[in-house]
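Proteins get letters first, then strands, A, B, ... in listed order; numbering begins at 1 in each. Here the structure is a predicted model, which means the values were calculated and not measured.
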Protein chains: 2
Amino acid sequence: MNYNEFKYCGLNVALGVLSGKWKPVILFYLFHQEEIRFTELWRAIPKVAKKVLLEQLRQMEQDELIIRDEKNGFPPEVWYRISEKGKALGPALAALESWANEHAAEKVDMLKSRRKVTLR
Amino acid sequence: MNYNEFKYCGLNVALGVLSGKWKPVILFYLFHQEEIRFTELWRAIPKVAKKVLLEQLRQMEQDELIIRDEKNGFPPEVWYRISEKGKALGPALAALESWANEHAAEKVDMLKSRRKVTLR
DNA sequence: GATGAAGGTAACTTTTAAGTAACCTGTTTA
DNA sequence: TAAACAGGTTACTTAAAAGTTACCTTCATC
């Protein structure tokens, strides 16, 4: 194994599509809500810049994790939802989630209001 | 769910410890080899700067994914190996890996010399 | 006819991550 | 006695990611 081989290894590819400051939260919302409008999502994530949120959504769309649905009309209405390919990430995300709960509880426990969360 | 809650959610914590350009490949080596010397690792990953490799190793050590073992003597001899906590990431990484193989085969297939790979 | 709505874009700045190059440590070997 | 070894550190540069602000569209309402 050398680095050039590794670049195209599945692990790297998968982590690649997840890398981006806001992508995990976006996925999180879409896993729970299945359909959300751009502005609603934007307001739900209070600190993200519109531009950056758009960039991340575009990348995720390109990676086919999410689907962008534009109704034509005014004011514009754009819905995002998770794709099958995106949904298929569920088990892997759940595995990461449970690793953190079991092995990095200190960090996770900073979340005061614990809540069972399932990504499936 | 708001963003502040999400920051400490397990998914974000887990992705946090994995984020870093060279961390996946480091894990990859350590999953296959269990013990590797710094310079050996450095030479195995041809393009990484020593400084950066060290930074990533330090972070992973802090996150307790890996264990640094220093023999005292000269020339220095430092071995890195995966910890139990790190090993416990195996199933999650395997899940990511297999997601990529099933759903992003185009990208993974750029790896000409395919080889079955297991992270367990 | 100005204002506000939703979903953008464009130009620019700041912050963070990664990369480069030179140097340091003591022991061994040439 | 000078070079090579392994594992670093330091000071500095570059590139990439994220953030800021202002502006655009087109229709509806004030």
Going by the side-chain contact (heavy atoms from CB on, under 4.5 Å) test, name the single residue among Ile82(A), Leu41(A), Leu65(A) that passes it with Leu30(A).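 With Leu30(A) as partner, Ile82(A), Leu41(A), Leu65(A) yield a single side-chain contact (heavy atoms from CB on, under 4.5 Å), made by Ile82(A).
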Rounding to an integer number of Å, can you tell me how far [X] [atom1] sits from [N] [atom2]?
{"X": "Asp69(A)", "N": "dA6(C)", "atom1": "CG", "atom2": "P", "result": "18 Å"}
{"X": "Leu53(A)", "N": "dA17(D)", "atom1": "CG", "atom2": "P", "result": "17 Å"}
{"X": "Glu77(B)", "N": "dT27(C)", "atom1": "CD", "atom2": "P", "result": "15 Å"}
{"X": "Phe38(A)", "N": "dG8(C)", "atom1": "CZ", "atom2": "C1'", "result": "8 Å"}
{"X": "Leu57(B)", "N": "dG8(D)", "atom1": "CG", "atom2": "P", "result": "8 Å"}
{"X": "Glu61(A)", "N": "dG8(C)", "atom1": "CD", "atom2": "C1'", "result": "13 Å"}
{"X": "Leu54(A)", "N": "dA6(C)", "atom1": "CG", "atom2": "P", "result": "14 Å"}
{"X": "Asn72(B)", "N": "dA6(D)", "atom1": "CG", "atom2": "P", "result": "18 Å"}

Rounded to 10 degrees, the angle between the two terminal axes of the helix from dG1(C)-dC30(D) to dA30(C)-dT1(D), each from five pairs: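 Roughly 30° between the end axes, to the nearest 10°.
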Pairing residues for Arg81(B) by the side chain to side chain contact (heavy atoms under 4.5 Å, CB included) criterion, not counting sequence neighbours: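 Scan of Arg81(B) (side chain to side chain contact (heavy atoms under 4.5 Å, CB included), adjacent residues dropped) gives Glu35(B), Ile67(B), Asp69(B).
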Crowded around Trp42(B) CH2? As in, over 12 foreign heavy atoms under 6.0 Å?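 Counting other residues, nucleotides and ligands, CH2 of Trp42(B) stays at 12 neighbours or fewer.
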Could you check if a side-chain atom of Leu57(A) sits within less than 4.5 angstrom of a side-chain atom of Ile66(A), using non-hydrogen atoms only?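 Counting from C-beta outward, Leu57(A) and Ile66(A) do come under 4.5 Å.
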What nucleotide, of dG7(D), dG8(C), dG7(C), holds the atom closest to the side chain of Thr39(B)?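 Nearest listed nucleotide: dG7(D).
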Nucleotide of dT9(C), dG8(D), dA6(C) approaching Arg37(A) most closely (side-chain heavy atoms):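 Selected nucleotide: dA6(C).
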Quick check on dT9(C): is either OP1 or OP2 less than 4.0 Å from any side-chain nitrogen or oxygen of Arg58(A)?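 Answer is yes, contact under 4.0 Å.
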Please determine if a side-chain N or O atom of Arg68(A) lies less than 4.0 Å away from the OP1 or OP2 oxygen of dG7(C).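 Answer is no, no contact under 4.0 Å.
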Do the side chain of Glu77(B) and the main chain of Lys71(B) share a donor and acceptor less than 3.5 angstrom apart?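 Absent.
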Can any side-chain N or O of Trp99(B) pair as donor or acceptor with the backbone N or O of Lys85(A) at less than 3.5 Å?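 A pair under 3.5 Å: yes.
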I'd like to know if Trp79(B) and Ile36(B) are part of one continuous hydrophobic network [Ile/Leu/Val/Met/Phe/Trp/Tyr, side-chain heavy atoms within less than 4.5 Å].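 Looking at the clustering, Trp79(B) is in a separate group from Ile36(B).
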How would nucleotides 18-30 of chain D be written as a contact map, 5' to 3', with B for base contact, S for sugar-phosphate-only contact and - for no contact, using protein heavy atoms under 4.0 Å? BBB----BBS---
Drop me the distance from Ser19(B)'s OG to Asn12(B)'s CG, to the nearest 0.5 angstrom.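 Going from the OG atom of Ser19(B) to the CG atom of Asn12(B) covers 9.5 Å.
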Distance-only polar pair, side chains of Lys23(B) and Gln59(B), donor-acceptor under 3.5 Å: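 Side chains of Lys23(B) and Gln59(B): pair found under 3.5 Å.
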